Amino acid sequence: MLNRSEFTRGLRSQRPFFIFAAAAFCALAALTGPTMTRAQTAPTTIQIEAQPVYQGCNSIVVISPTGTVWQDIVNRFSDPTTVSAIWKYNNDLQRYQALYFADTDALTDGPATTTAYVLSMFVCISADGSVG
């Protein structure tokens, strides 16, 4: 076990490293400048990465202006008539919400339009196709 004088001597021998590390940190901070965050710019169009979709339910990410009606998103599919439903997981409620059904008489329990810029959703379709 080190006694106090040996421990202090060890710290003194490390002093040049600590001074160098502090100087390097200060130089790096001066070169990079203050960091600033920017407000997210609202999208003006619907953006969906071009991708194949398959019969069944597909997980996709949609970027769109808030207030976009679900039919506008459905129209981005190669054959919109194959889209039977759109679902979204609501983390606050801890359950899925129905956003859109092809059958207009079917009830939905989600919002009538998009409420956020970026949405992750499940789109159920009756035949293979593409989106984007």
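The shown structure was predicted, so the numbers you read here are calculated from the model rather than taken from an experiment. For reference, positions follow the sequence shown, starting with 1.
- Proximity of a side-chain donor or acceptor of S78 to a complementary backbone N or O of S130 within less than 3.5 Å is detected.
- With values rounded to the nearest 0.5 angstrom, I48 atom CD1 is found 10.0 Å from L119 atom CG.
- One N or O on the side chain of T114 and one on the backbone of P65 form a donor-acceptor pair closer than 3.5 Å.
- Using modelled atom types, one side-chain atom of Q51 and one backbone atom of E49 make a donor-acceptor pair closer than 3.5 Å.
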Could you walk me through whether Q94 and Y89 pass the side chain to side chain contact (heavy atoms under 4.5 Å, CB included) test, one step at a time?
-> CA-CA 7 Å; Q94 293 291 297; Y89 186 75; 3.3 Å; yes
Evaluate the criterion side chain to side chain contact (heavy atoms under 4.5 Å, CB included) for residue pair V123 and V53; output intermediate values, then yes/no.
-> CA-CA 9 Å; V123 180; V53 289; over 6 Å; no
Begin from the C-alpha positions of R95 and D109 and carry the test salt bridge (Lys or Arg N to Asp or Glu O under 4.0 Å) through to its verdict.
-> CA-CA 11 Å; R95 66 179 181 84; D109 62 347; 2.6 Å; yes
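- Atoms CE and SG, from M121 and C57 in turn, are 13.0 Å apart once rounded to the nearest 0.5 Å.
- Distance alone, capped at 3.5 Å, is enough to place a donor-acceptor pair between the S84 side chain and the C124 backbone.
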Side chain to side chain contact (heavy atoms under 4.5 Å, CB included) between T115 and T66: does it pass, once the steps are laid out?
-> CA-CA 5 Å; T115 57; T66 55; 5.9 Å; no
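- Going from atom OG of S126 over to atom CG of D79 covers 7.5 Å, rounded to the nearest 0.5 Å.
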Working for side chain to side chain contact (heavy atoms under 4.5 Å, CB included), residues I86 and T108 = CA-CA 10 Å; I86 299 176; T108 60; over 6 Å; no
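- Considering Y96, W87, Y100 as possible partners of F122, the one that fulfils the ring pair (Phe, Tyr, Trp, His ring centres under 6.0 Å) test is Y96.
- For the pair W70 (side chain) and P111 (backbone), a donor-acceptor distance under 3.5 Å is present.
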Let me see the working for Q55 and D128 under side-chain hydrogen bond (donor to acceptor under 3.5 Å, both in side chains), right down to the final yes or no.
-> CA-CA 5 Å; Q55 182 178 2; D128 294 353; over 6 Å; no
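- Side-chain atoms of Y117 and V62, non-hydrogen and from C-beta on, never get closer than 4.5 Å to each other.
- Interatomic distance, CD1 of I46 versus CG of D72, reported as 5.0 Å (0.5 Å rounding).
- Summarising the geometry, atom OH belonging to Y54 is positioned 9.5 Å from atom CD1 belonging to I125; distances are rounded to the nearest 0.5 Å.
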